[in-house]
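One structure below.
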Amino acid sequence: DSGVTQTPKHLITATGQRVTLRCSPRSGDLSVYWYQQSLDQGLQFLIQYYNGEERAKGNILERFSAQQFPDLHSELNLSSLELGDSALYFCASSIQQSGNTIYFGEGSWLTVV
Amino acid sequence: GQQVMQIPQYQHVQEGEDFTTYCNSSTTLSNIQWYKQRPGGHPVFLIQLVKSGEVKKQKRLTFQFGEAKKNSSLHITATQTTDVGTYFCAAHTGTASKLTFGTGTRLQVTL
């Protein structure tokens, strides 16, 4: 158990819909990362927050947005969903902004039908 | 943008054989990390290398960071079925915060 909690674990939704994925970082961690992993694909960096502020952005689609709240939990919002958005979405956390180990949650499986 | 490439993409070995995966970057890296993802699981941190030419060992796993800090390798001696999974290298690229993962090497071990 990494200490990073993600909900929901599984989600099935229709094209065009909007979903929110939630992440609670490890206790004491200030930084939260979001990654997307499609079937047999690598880990694509989406976005990172540190203590409530956006710190780094990857190839995140405009239909996707995220935020980190004062209690440090984070949400990833995916809208106007397409079939290709079906993937495993990982949240990870770390103590510092960069340069150290990140700890992954178990992921949220999103299936768009 | 910055990419971290890994080879091979996939390797199938028999139990007891050795395995090596290589990670390459076009730019100098400040450090490199290695993660393992078991089938159906999430990536788990294995190790971080910081110094040029650094070599670290964890039981049957040997990690190396190149002298130019542009490449790294993970070598597993005498693989076991418990080594099955995908091995990723990861490096901070672009902004210091962005941790970019390599393309991964999927290892399959059979008896």
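Just so it is clear, the structure is predicted and the values come from calculations on it, not from any experiment.
- Counting heavy atoms of neighbouring residues, nucleotides and ligands inside a 6.0 Å radius, atom CZ of Arg38(B) does not exceed 12 of them.
- Applying the ring pair (Phe, Tyr, Trp, His ring centres under 6.0 Å) test between Phe101(B) and each of Phe90(A), Phe45(A), Phe104(A) identifies Phe104(A) as the sole match.
- Hydrophobic clustering (ILVMFWY, side-chain heavy atoms < 4.5 Å, transitive): Ile47(A) and Val32(A) are in one cluster.
- A 6.0 Å sphere centred on CD1 of Ile12(A) holds no more than 12 heavy atoms belonging to other residues, nucleotides or ligands.
- Residue-environment remark: CG (Asp71(A)) exceeds the threshold of 12 foreign heavy atoms within 6.0 Å.
- To the nearest 0.5 Å, atom OG1 of residue Thr100(B) and atom CD of residue Gln44(A) are 9.0 Å apart.
- Summarising the local packing, CZ of Phe64(A) is surrounded by more than 12 heavy atoms from other residues, nucleotides or ligands at distances under 6.0 Å.
- Both Ile60(A) and Leu81(A) belong to a single network of hydrophobic side chains, linked directly or stepwise wherever heavy atoms of I, L, V, M, F, W or Y lie under 4.5 Å apart.
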Exercise for the section: Carefully, step by step, assess Ile102(A) and Tyr35(B) under the rule side chain to side chain contact (heavy atoms under 4.5 Å, CB included). Expected result: CA-CA 10 Å; Ile102(A) 68 173; Tyr35(B) 292 77; 3.3 Å; yes
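- Using a 4.5 Å heavy-atom threshold, the side chains of Arg55(A) and Lys98(B) count as separate.
- Contact of Gln37(B) with chain A is made through the side chain alone, with heavy-atom distances under 4.5 Å.
- With rounding to the nearest 0.5 Å, the separation of NE2 in His42(B) from CD in Gln6(A) is 9.5 Å.
- Chosen from Gly105(A), Ser2(A), Gly58(A), the residue pairing most often with chain B at heavy-atom distances under 4.5 Å is Gly105(A).
- Here the closest non-hydrogen pair linking Leu99(B) and Tyr35(A) is O-OH, 2.5 Å.
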